[in-house]
Amino acid sequence: MHLRRLGWPDGRKTTDLIMLDSKLLRSDLESVVEKLKVKNFVFDVDAFRELEEQRKVLQVSTQELQSERNTRSRAIGAAKAGGENIQPLLDEVASLGDKLKSAESELGGLQMKLDELLQGVPNVPHDSVPAGDSEDDNIEVSHWGEPPGFDFEVRDHIDLGEALGGMDFERAARISGSRFVTMTGPLVTLQRALIQFMINQHVQEHGYTEAYAPYLVNEATLFGTGQMPKFKQDLFHIESENHDLYLIPTAEVPVTNFVADSILEAEQLPLKFVAHTPCFRSEAGSYGRDTRGMIRQHQFEKVELVHISKPDDSMAALENLTGHAETILQLLGLAYRKVILCGGDLGFTSTKTYDLEVWLPGQNTYREISSCSNMTDFQARRMKARWRNPETGKPELVHTLNGSGLAIGRTLIAIMENYQQADGSIRIPEPLQPYLHGMTEIRG
RNA sequence: GGAGAGAUGGCUGAGUGGUCGAAAGCGCUCCCCUGCUAAGGGAGUAUACGUUAAUAGCGUAUCGAGGGUUCGAAUCCCUCUCUCUCCGCCA
């Protein structure tokens, strides 16, 4: 994919887009390359240097040709207005057009190559990110609560759900295929209660603005948040005669793009949005993983937190946002640990990510239930999201952050498994009870 | 689905081939004047890239997007996207 050829369906400008700050890349190439190594990314320095060198020369010469054309065209206009014979002047510029055209197309081709190279470069990790290759190298930062002890044989959410009635994977498979679930009855109510509870908590206690956004988005939007072009295979694509859209993999995509192509005033920042949406993921490449149960589904509900912040505030905002997600787990009384992702496990767009992992008795382990990241200016650059810095008076890129607050499906599982009782019934954590017309437990 | 209108700078809104990055008004910033208030006068006020020590100059690009015609395009042609109005349909 290349943006210049995308046509920007939403009418966004198509001037040069470079993913990492190209000035930073040029002036401080070495340190950028070093930092990218933490992410196990090898930047092709030679290819970049060579393309940049060519670009510089070609851009200057092309612009000189354009300048000449403009000057001469102006002269022709003036001569014509003065009633002079313009034919000699026209003859002079005859060859200019072709030269310009070839220079422009050569420059365009070169830009395209450069953009392709740079679009594949991930965001630079923050200095505090530990080195490491995989999730095994993530480091626990803190933990909260104790995994509950049971004096009976623990069941996982699949057994519990089937015994209680209302959770049916086979039925879903008949309707849609693998990695879907149908639910009926109190479990669905519990899921809805979780959504309500979380949103209310974030709006009323954490100062978020509730947001609603499309579940189908265009390619430019996905480019903005970094899913395109590299991670297209993770998405569900809706293509028809009149439509070319993608199902959102997370509310991060449409909500962060709220500020795409805009210049915000300093007083407006930070923006804090909370949104509940379903999320759709193709899960290509994870065929063998978590095939049982609700852990990994093509469709799941999530309450997402998004911050748009001033650059200086974004690292503090990450702590803040992560804390809001943690609060939910604490209020629900679910044991969890907080890990910082190592370089090798860090996402393409992120500079620093905390994962919150909730204790799942059914799996006897901690599993990710929230992922909170600071994307710094990476997404902002791609989506042209800026703010006017009063100190410089100039538009500068904002920082964007997001985190799950929380993944609903997995929270549902966590509650089922952690609050299960010997008879297979499930206690309802007290903060949820008001959302369940006072119900204190679910039983079959 | 049918018919029509439109898209210009922070906003309103001129501009149908030439010196237009774009009139004018509003807003905003700075200055002057004015003993409050009100009013008045002047200057400035898009973004990106390149060059550069420079947020100084200079150059280039951008008037919804992409392409075309032309020495020259906001202006002409084609395609697309979006918005609005009327009719129809519809949660």
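The model shown is predicted, which means the values in this text are computed figures rather than measured ones. We name chains A, B, ... by the order of the sequence lines, and we start the count at 1 in each one.
Enclosure of atom CD in A/Glu50 is not indicated, since only 12 or fewer non-hydrogen atoms of other residues, nucleotides or ligands lie within 6.0 angstrom.
We find that NZ of A/Lys384 is positioned 8 Å from C1' of B/A48, with the value rounded to whole Å. Counting to the nearest Å, the C1' atom of B/C28 and the CD1 atom of A/Ile263 are 15 Å from each other. Atom pair A/Leu58:CG and B/C49:P shows a separation of 19 Å (rounding to whole Å applied). The distance from atom CD of A/Gln66 to atom P of B/A61 is 5 Å, rounded to the nearest whole Å.
The shortest non-hydrogen separation linking A/Val124 to A/Thr351 is O-CG2, 2.8 Å.
Residues A/Met198 and A/Thr411 have side chains in contact (heavy-atom distance under 4.5 Å, counting atoms from C-beta outward).
Look at the C1' atom in both B/G10 and B/A65: the space between them is 22 Å, to the nearest Å. Between B/U45 and B/G25, the two P atoms lie 15 Å apart (nearest whole Å).
With a 3.5 Å ceiling on both atom-pair distances, the Watson-Crick or G-U wobble partner of B/G57 is B/U51. Across all strands shown, B/G42 is found opposite B/C30 as a Watson-Crick or G-U wobble partner, with both distances under 3.5 Å.
A salt bridge (charged side-chain N to carboxylate O under 4.0 Å, His left out) check over residues 427-444 of chain A, counting only residues at least two apart or in different chains, returns the pairs A/Asp423-A/Arg443, A/Glu441-A/Arg443.
A/Gln63 contributes no side-chain N or O that forms a donor-acceptor pair with the base of B/G50 under 3.5 Å.
Between A/Ser128 and A/Lys352, the side chains place a donor N or O and an acceptor N or O closer than 3.5 Å (distance only, hydrogens not considered).
Not a single donor-acceptor pair under 3.5 Å links the side chain of A/Ser314 to the backbone N or O of A/Lys310.
Mapping A/Glu396 and A/Glu68 onto RNA chain B by nearest heavy atom places A/Glu396 at the nucleotide closer to the 5' end.
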List every contact pair, protein side and nucleotides 69-72 of chain B side both N or O, where the distance is under 3.5 Å.
residue	atom	partner	partner atom	Å
B/C71	O2'	A/Ser73	OG	3.1
B/G72	O4'	A/Ser73	OG	3.0

